Amino acid sequence: MKRIFDTQLIGPFAAMVIVALIVALTTERFLNPGNLSNLSLQVSIVALIAIGSTIVIFAAGIDLSSGSMVALLTMILAQLLKFIGIPLVLALPLILFFGGLLGLFIGLITAYGRIPSFITTLAALIAFRGLALTFNNGSPIFSLDPALEPIFYGKLFGVPLPFFYLVFFYALAAFTMNFTKLGREIYAVGGNPAAAVLTGINVRKVQTTTFVIAGFMTAVGAILMSARLNSGSPNYGQTLELQAIAAAVVGGASLAGGRGNILATLMGAMTIVIVQNGLNLNAAPSSVQNIVLGLIILLAVGIDMWRAEISALMGRIFGRSSSQQSSSIKKEA
Amino acid sequence: MKRIFDTQLIGPFAAMVIVALIVALTTERFLNPGNLSNLSLQVSIVALIAIGSTIVIFAAGIDLSSGSMVALLTMILAQLLKFIGIPLVLALPLILFFGGLLGLFIGLITAYGRIPSFITTLAALIAFRGLALTFNNGSPIFSLDPALEPIFYGKLFGVPLPFFYLVFFYALAAFTMNFTKLGREIYAVGGNPAAAVLTGINVRKVQTTTFVIAGFMTAVGAILMSARLNSGSPNYGQTLELQAIAAAVVGGASLAGGRGNILATLMGAMTIVIVQNGLNLNAAPSSVQNIVLGLIILLAVGIDMWRAEISALMGRIFGRSSSQQSSSIKKEA
Amino acid sequence: ENYPTPVPLQDGAQAAIDAIEPKNDTFRIAYMPPATEFNYYIAIGEGIKAVAAEAGVEVFMLAPQSGADINGQMGMIQDVLTQDVDAIIFGTHDEFAAAPLLKQAVDKGMAVLMINSDIPNFPTPIHGVVGYSQRNGTQAIADWAIETYGDQPLKVGIIEGQPGYHSTERVGGFLDGIEGNDNFEVVVSIDGKWNVEGGNTAGMDILQSNPDLDMIFAANDYMIIGASFAAKALGRNDIVLLGNDGDTSGLEEIAAGNITATVNTSPFLMGKAAMHATIDALNGSYPGGWIETPTSIEDKDGAISVLQEPEKLFPQPSKEY
Amino acid sequence: MTPATPLWEFVDITKAYPGVLANDKVCIRLMPGSIHGLLGENGCGKSTMIKTLSGVQQPDSGQILYNGKSVTISDPQAARDLGIATVFQEFSIVPTLSVGENIFLGNMPRSRFGVIDWARVYDEAARVLAEMDVDVSPETITGTLSVGEQQLVEIAKAIAMDARMIILDEPTAALGEDEIERLHQLLRNMRERGTAILYVSHRLDEVERIVDEVTILRNGCVVRASGETKINVSEIVSAMVGEDIGEHYPKERNATDGIVLEASGLATKSGVKDVSFSLCRGEVLGLGGVLGSGRTEIARALFGTDELIAGQVTLNGKPVHFRREIDAIRAGLALVPENRKFDGLFFNFRASGNVTAASLGELSRFGILNLKVEDQATHNLIRDLEISTQAEEKTVNFLSGGNQQKIVIARWLFSASDILILDEPTQGIDIGAKIAVYKLINRLTRAGKSIILISSDHDELLAMSDRIAVVQHGTIARTVDASELTHDDLVRASADIPHSKPEEAFA
Ligand SMILES: Nc1ncnc2c1ncn2[C@@H]1O[C@H](COP(=O)(O)OP(=O)(O)OP(=O)(O)O)[C@@H](O)[C@H]1O
Ligand SMILES: Nc1ncnc2c1ncn2[C@@H]1O[C@H](COP(=O)(O)OP(=O)(O)OP(=O)(O)O)[C@@H](O)[C@H]1O
Ligand SMILES: [Mg+2]
Ligand SMILES: [Mg+2]
């Protein structure tokens, strides 16, 4: 437990709480139970996809494809349900499988083709949206299946179902990263791939696996998106990949790879969503939302980067020398 | 001259020619002079912006902000011309200045704040679009100035003006990269920032400069965009940053920094535009365009990465041992 | 009267007006268009605000930036549901996605009206629909084109919007209008993504692949404005350019002679009608149903006369006409 | 186990890279309980051989016999299963992970359900570190350790496996004399227990001390098989180079009385305290001390890289203040950093770009570079310093370590620096290249330039310096004439470090 809830969580957790406090001060509607249960709906899709994006980042990769992949998968799901007539219980696992499969392709090309993941997933970002447009002449497909909506809007003991998905997948991810061979191999590959090769870690396999995980989690997100909107559309998920990466980054994941706590990503996603919710509740225009989100990303990373300087400054202000050394690692450029 | 037109250009040039040949075979309209002069219009905006994106990449950075910055700058230009009533001859230099200034901000935060450029420009990508929306209630502004259109649509000796802008700025960029101190320093910083510091190169200043150049070139692109549509809009330039990066990458620039030829980016941009033009002339749907563009990016980088293997294979096929060693640089992981 | 008499919605699509329970003394109304990227919805919003100011009610606008961001719009509707709002005036690109949330709004006693629509059978019962008939508008401009240019063979290009209800209806209306007329031949039809940039690219491409085009119809004014630049660049001043919306800038382009004609749908007036109906619904004096706002075809002279009444326009024209 | 049967036998191992035949029919026999040296010049194929033996790559042809039976080592895991542990030349630690994790990377102790047993990871790592007498907590993030400590973790990785064969590829390159002695003791203990050890190093003095037999490679071929060469530096050298090279330390004394640089009371945040010394024209001032004593930090303080918080540098009698590296460079200082790979070379440039990198200002007018001068000067330097002429055409990653090092030094010849700080300039380069560097030092001092030489190779330091400053805990304990100091003095100075424990710990 100590391993999972480590000191890396303090920063993102504090950020989340501070942001929540500020929002709660600006509007009493924030702490309304209805609104709080809304938050778990709002955060669910991006936070679930961010699990995959973060794990790819841990292995020093980047996944730009998830937004387009969501579009493609919602179209495939729509096609399956509406035009091919496959029952929902079969279609959902199929979508998860396709998500993993697309991730596998990306992973194989990246790892075995030695192409930087920025490039492969940029290509996928463009191509997947094109593929999504080939279905149904590029038109959205509506009213897929009445049984789809409860997947997103349903409740258990009065708590929205997406809350449970979040708990389940984040618990699984935290366990994997901290207590399994795979998890440690992902960190090792991200930290120093050359060293990982020399120690016998199958670096390419590990890299590929991270993309399979990302594809799978994107499929989970795509299913929730389809359930929420009861439709599939080639336009869904635009910039979702950036939101997912933003969640990881606000949570403190280093793009250089090798370190970070997966639970911090959940907090990063929560922070972003709380801010958006707060702005929505105060009826702020979308322009302000964008500006604020940009600043949050900068601030979150800045605070992480300048931790040593900030703590030194704090020490000077509060008159005690900061004895704790910065845990940030000097990366060879 | 030999320095500028070096062997790194052979690959991208060959790719461009092959693609052009294929397109010419599928439709006789391609080689129509009108269409060819159109190509220079089509390619101009993205190719000019790609100069900046490529130079940032040479210094091992990445610029995701250019698309949003185009939107913001077209809105500022529209505001200046239409609502503030500043004359065009004054407004244009101001926009170039603002572009450089925005680039300066990004550069300073990146270089002196020690924040990865992926993050700062991601934040800028989001925030600039928000800023663009704060003008005119987020609505486009039309019919800015009749004198604006000729900047894009005008001709000199029957050749579209954008062709001359391309020649001018690419010549300038090629000269800078190959014959000036700054150009050399950019490659040095991209190749090994730690070594650059110890040789007395002001790494942060150089990094900042690349972003100023990128901001300036984005402003050039924004002016052309405004001239092309005689308007400003917060929606302009979406995914333009990705197209510019794609041009650099198809031209063979390595995202790891330190190497590449700026003229190759022009060829990369041309290759992409020729393919799109070819698909348009054959009335291919946009879905196909996306898929093809994705594949081109993959192929271009793949061929670059596998050069050693491919030349070995060629050697085996044509019965002579490939004596030339691969020039691809083994990067420390 | 403030708006045309409502036409009843289809069976089962009408929510009960007497179930509306305003919670605030000063009505709080949310205006939720699909996106802020379209001037059109801003113009509607201005109409709404104008009436709100007169009537002394509170209104706020909440919308994602991009029309494609339906997920974002649903999030916003959800956020609004937990607030004490008395009415929602919404427009959406995906009625099926919005339906479950709007059902909750109706169940909570909010007044729910859809704007810029002619859907008589929204998937869940709502209180009213305000808008022009998308099909009738573009069919009228097709009729106008036949009347004006129909005496010789014409090759027509179409710039669609991104696939969806609006694009289907508007393009469908135009095609209905020219159907059976042998002089009109549609030779190409492509997507212009609803915006100027997309319209410009599409215009460039279709004029290049079909140099003999005589007429372009675009599903909105932005795209036809974009296409007009393409025509100009290729030296095609003779081409007939038709749009749809009655956007101020579109009208100004028509007045300037850069575009031939458009369907003027008066978004500002539509917004006023919608707001009047909403306040009436909260006061119980609106019977429910579809309010069809009028449209007209405006060519150069018509556009100038519309521009001469700036109080009915948003944004304001760039000069006096 | 009869000593007559080799534990491992590698027969006719051949491995080619594109354009290079790195190993050509190499045969090595490794006996249990014996330390086998694998020696040769830079690029002769030692690391290639080791990668093959460790399963990192497959040989093109050849046979591997384990206890007389033919085996294939398909991957590093297979090597591990066969009881082979390797310390690679390239750092193979993951800087973002803890020391404990690095030690067990690739085979972390796990419980029955495949769940990682963290308690055991740290307990066993602590045990191994204690056995090696390394004072590092297993929970420390490895990247925060000093280079030397990281190298010790690297070695701990191999020790932890309790292997029957251990391969070490230049394990001492980043170690000081003290650590080297401890490592040797550890290896002797392992030899006692019957472990076969394959040892690669360019420090022939230590080879002489520890190795039982040697195999010498040249251009990928075995030129002297085991037993054909006596374990003696000069014999080894002539076998390696193929000719007798005479004096290993061709020291010229060019020191004069004129003081060019004087440092008084320097201190930085990186641990430099009250450092004072003077440097004369034509002098080589050696900085001796143990790993982590702060020699590199003194160099950085002088060069303007680390900000001075106290003290004064005086250059030719004038006080100077370097805010950045460029100030120091302009004043005539030069720094050849200790890690040429990370801090020295631009692998994306050919020789020319590397040579002129520190002089771009002088090479340009109005910001435009004079490329003719650049090419000509590079050509001349390549000729004068006998650098491989390939460097003119190819990026420097294709050059051997020695050539690379000469190019870094050439940079400062081109910039016409008067004072050169050479930080471990011969680390990892072969004896021939070392002598070339020594001759270069002579040439520089003869031309009236002054040199600060940092080296952990005591013989080299003693032989090449005029005076030696002994550095301890970031300060200069004393400065004496090199001739008044012996190897033992330096070792003793090194031993005077608080946390190091007596050598009995290894017994
Ligand atoms: N991955 C590789 N690809 C191509 N050539 C390589 C590769 N690795 C090594 N070489 C080349 O193979 C030859 C042998 O290199 P190797 O690293 O085995 O030398 P070494 O004896 O270990 O040298 P050093 O003493 O400098 O460590 C050299 O010419 C080197 O340039
Ligand atoms: N990245 C780092 N983070 C924290 N401390 C470091 C780091 N690198 C080095 N140190 C510390 O700085 C001191 C000097 O370390 P280093 O091994 O570089 O010694 P050095 O000065 O190069 O020694 P030498 O005298 O061998 O040149 C040590 O106390 C070490 O622990
Ligand atoms: Mg080696
Ligand atoms: Mg050192």
Side-chain angles (χ1 to χ4, degrees), chain A residues 1-4 6-8 57-60 172 174-206 252-261 308-309 312 321-322 324-333, chain D residues 50-51 54-57 73-81 84-98 100-111 113-119 121 139-145 147 150 153-154 157-158 161 169 269 339 341-343:
Chain A
M1 276 303 117
K2 191 188 122 211
R3 244 186 183 269
I4 294 187
D6 67 358
T7 50
Q8 293 184 54
I57 289 174
F58 285 162
L172 187 64
F175 176 79
T176 305
M177 290 314 296
N178 290 292
F179 290 105
T180 69
K181 184 161 170 263
L182 174 66
R184 300 330 285 180
E185 288 182 344
I186 289 172
Y187 282 122
V189 166
N192 185 353
V197 168
L198 295 180
T199 13
I201 293 173
N202 191 335
V203 171
R204 294 175 168 181
K205 196 166 123 195
V206 171
S254 153
L255 292 181
R259 67 198 185 98
N261 184 319
E309 283 88 340
S321 76
S322 81
Q324 216 190 341
Q325 231 182 336
S326 153
S327 76
S328 82
I329 286 158
K330 242 179 41 196
K331 272 259 151 192
E332 253 78 48
Chain D
I50 284 169
K51 283 187 193 145
S54 315
V56 173
Q57 63 192 15
I73 309 175
S74 52
D75 55 47
Q77 189 58 50
R80 191 177 294 154
D81 295 342
I84 302 173
T86 309
V87 176
F88 291 99
Q89 182 177 16
E90 310 292 330
F91 263 15
S92 61
I93 53 120
V94 179
T96 52
L97 297 184
S98 67
E101 268 182 273
N102 266 300
I103 289 176
F104 292 104
L105 197 65
N107 62 341
M108 300 258 272
R110 282 184 285 170
S111 76
F113 307 105
V115 175
I116 290 170
D117 185 344
W118 286 101
V121 170
E139 299 196 37
T140 319
I141 298 296
T142 317
T144 61
L145 299 176
V147 179
Q150 293 184 17
V153 172
E154 193 87 69
K157 249 167 99 169
M161 281 173 52
D169 193 353
K269 282 186 189 144
N339 190 333
K341 229 175 213 155
F342 287 119
D343 298 332

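Everything quoted here is computed from the prediction, not taken from an experiment. Basis for what follows: all heavy atoms, side chains included, without hydrogens, waters or symmetry-related copies.
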Worksheet entry | Partner set under side chain to side chain contact (heavy atoms under 4.5 Å, CB included) for D/S111, not counting sequence neighbours | D/F113, D/V115
Discussion item. Counting only non-hydrogen atoms closer than 4.5 Å, does D/I93 touch chain A with its backbone (N, CA, C, O), its side chain (CB onward), both, or neither?
Written reply: backbone
Discussion item. Can you list everything that forms a side-chain hydrogen bond (donor to acceptor under 3.5 Å, both in side chains) with D/S92? Sequence neighbours excluded, please.
Written reply: D/E154
Response to the item:
chain A shares the most heavy-atom pairs under 4.5 Å, among D/D75, D/L105, D/T142, D/D117, with D/L105
Response to the item:
One option among D/V94, D/V56, D/D343 has the most heavy-atom pairs under 4.5 Å with chain A, and it is D/V94
Practice prompt. Mind checking the CZ-CE spacing from A/R184 to D/M108? Nearest 0.5 Å is all I need.
Written response: 5.5 Å
Worksheet item: Can you name the closest pair of heavy atoms from A/V197 and D/P76 and give their distance?
Response: O-CG, 3.5 Å
Item to complete: Report the relative orientation of the aromatic rings in A/F58 and A/Y187; use parallel for angles under 30°, tilted for 30 to 60°, perpendicular for over 60°.
Response: tilted
Worksheet item: Checking D/K51 against chain A: side chain, backbone, both or neither under 4.5 Å from a heavy atom?
Response: neither
Worksheet item: Quick one: what part of A/I201 sits under 4.5 Å from any heavy atom of chain D, side chain, backbone, both or neither?
Response: side chain
